2 protein chains.
Amino acid sequence: MTHTHDQALRSSGLRVTKPRLAVLDAIGSRPHADTNGVLAAVRVELPAVSHQAVYDCLNALTEAGMLRRIQPAGSVARYELRVGDNHHHVVCRTCGAVADVDCSVGDAPCLTASEHHGFEIDEAEVVYWGTCPDCSTA
Amino acid sequence: MTHTHDQALRSSGLRVTKPRLAVLDAIGSRPHADTNGVLAAVRVELPAVSHQAVYDCLNALTEAGMLRRIQPAGSVARYELRVGDNHHHVVCRTCGAVADVDCSVGDAPCLTASEHHGFEIDEAEVVYWGTCPDCSTA
DNA sequence: GCGTTTTCTTGAATGAGTCAAGTAAGGACG
DNA sequence: CGTCCTTACTTGACTCATTCAAGAAAACGC
């Protein structure tokens with residue numbers, strides 16, 4: 001695990017540091033964690049990390065393409081390991097819970113906007129809004 | 001214009017006030033404006049409105065379904081008049097510009113998530129990420 | 001090891017958005 | 001038209017995620 005992340009960091013041209021490995025581990029085991037959750041998880045291993053270090057790691061790893069940042073309206077930033085499967089997210093309007101869903105229409109159609117106003121589009125992000133099972137029953 | 005908004009407010013059970021009419025006018029003429037932009041536009045007509053009043057109006061109107069709030073990752077909240085056409089947005093990664101795009105796959109398919117984890121889904125939001133014409137050339 | 005570069009620590013600042021208490025305005029009803 | 005109750009607005013303080021800045025520490029090529 002750690003060794004895998006180790007290599008991934010090197011091949012992205014990033015230095016291998018304890019905070020970065022801990023951040024990757026934290027997000028691997030808690031997908032959709034927010035910055036505070038990551039910070040808490042990282043501090044289990046490394047009690048002395050600063051919050052700034054975690055912000056820096058999250059930004060560096062996101063920029064390098066190893067993490068994906070998701071930020072539904074009204075929510076703080078959340079992170080997940082970037083995987084190549086083009087999945088999307090369902091968000092609960094009540095409690096903010098996030099779950100993964102596969103792309104409903106395949107990969108290619110998602111990138112096809114009918115009228116793109118001259119924009120060069122490189123990604124289509126889909127967020128499904130609704131109510132999670134727990135909030136439905138309550 | 002004002003008269004139309006007047007009736008729309010009444011039929012949503014909201015009182016008709018100057019700040020609300022001004023907010024609706026502002027967003028009608030500047031789609032995708034953020035809160036500060038709305039505040040500035042409103043103060044052209046009503047120099048004395050408080051920022052809190054604008055926040056309250058935006059929340060009330062959004063809750064009543066007259067406005068749609070859009071908030072792409074890394075951006076502050078933006079608003080547009082809610083129209084029934086299920087359109088989506090392209091966002092420029094560089095400058096944050098927002099433009100409308102029609103739904104590429106029609107209305108119904110957008111709401112079909114293949115595996116919904118028990119969520120009751122009521123809306124699908126699509127954000128296309130890319131680079132706007134201005135930022136492409138620069 | 002040595003030195004350079006990147007990353008982390010520390011501490012303060014920014015800014016969108018919210019909270020709370022009191023005043024003002026909307027509008028139903030007489 | 002005037003009264004009264006309710007909803008909306010004003011004022012001002014506050015929260016909290018995120019960023020900025022300067023110096024210390026760690027990574028890693030040589």
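The sequence lines fix the lettering, A, B, ..., with proteins before strands; numbering per chain opens at 1. Only this structure's heavy atoms are used, side chains among them; waters, hydrogens and symmetry mates stay out. Since the structure is predicted, the reported quantities are computational estimates derived from the model, not experimental observations.
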[X] [atom1] to [N] [atom2]: how many Å, rounded?
X	N	atom1	atom2	answer
B:L39	C:dA16	CG	P	11 Å
A:D56	C:dT10	CG	P	14 Å
A:L9	C:dC8	CG	P	10 Å
A:K18	D:dA25	NZ	P	15 Å
A:L46	C:dT7	CG	C1'	14 Å
B:L21	C:dA25	CG	C1'	14 Å

| If you fit an axis to the five pairs at each end of the helix from C:dG1-D:dC30 to C:dG30-D:dC1, how big is the angle between those two axes, to 10 degrees? | 40°

| Which of residues 10-17 of chain A sit near DNA chain C, with a heavy atom under 4.0 Å from it? | A:L14, A:R15, A:T17

| task | Would you give a per-nucleotide map of nucleotides 17-24 of chain D, 5' to 3', where B means the base has a protein non-hydrogen atom under 4.0 Å away, S means only the sugar-phosphate does, and - means neither? | result | SBBB----

| query | Where the side chain of B:S29 meets the backbone of B:D25, is there a donor-acceptor pair that is under 3.5 Å apart? | reply | yes

| message | Donor-acceptor check, side chain of A:E125 to backbone of B:W129, threshold 3.5 angstrom: yes or no? | response |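 Side chain of A:E125 to backbone of B:W129: no pair is present.
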
| task | Just grab all the side chain to side chain donor-acceptor pair (under 3.5 Å) pairs involving residues 9-20 of chain A, residues at least two apart or on different chains. | result |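 Output for this query lists A:D6-A:R10.
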
| remark: Residues A:A8 and A:M66: closest non-hydrogen pair is CB-CE, 3.5 Å

| request: Identify the heavy atoms of B:T137 and B:D134 that sit nearest to each other, and give their distance. | output: OG1-O, 2.9 Å

| said: For residues 62-85 of chain A, which residue pairs pass the ring-ring contact (aromatic ring centres under 6.0 Å, His included) check, not counting sequence neighbours? | reply: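 Applying ring-ring contact (aromatic ring centres under 6.0 Å, His included) to every pair that reaches into residues 62-85 of chain A, excluding sequence neighbours, yields nothing.
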
| So what does B:A48 hit on the nucleic acid, given a heavy-atom distance under 4.0 Å: a base, only sugar-phosphate, or nothing? | sugar-phosphate

Residues 30-42 of chain A side chain polar contacts: donor-acceptor under 3.5 Å, at least two apart:
residue	atom	partner	partner atom	Å
A:R30	NH1	A:G37	O	3.3
A:H32	ND1	A:V98	O	3.4
A:H32	NE2	A:E80	OE1	3.1
A:H32	NE2	A:D100	OD1	2.8
A:D34	OD1	A:N36	N	3.3
A:D34	OD1	A:G37	N	2.7

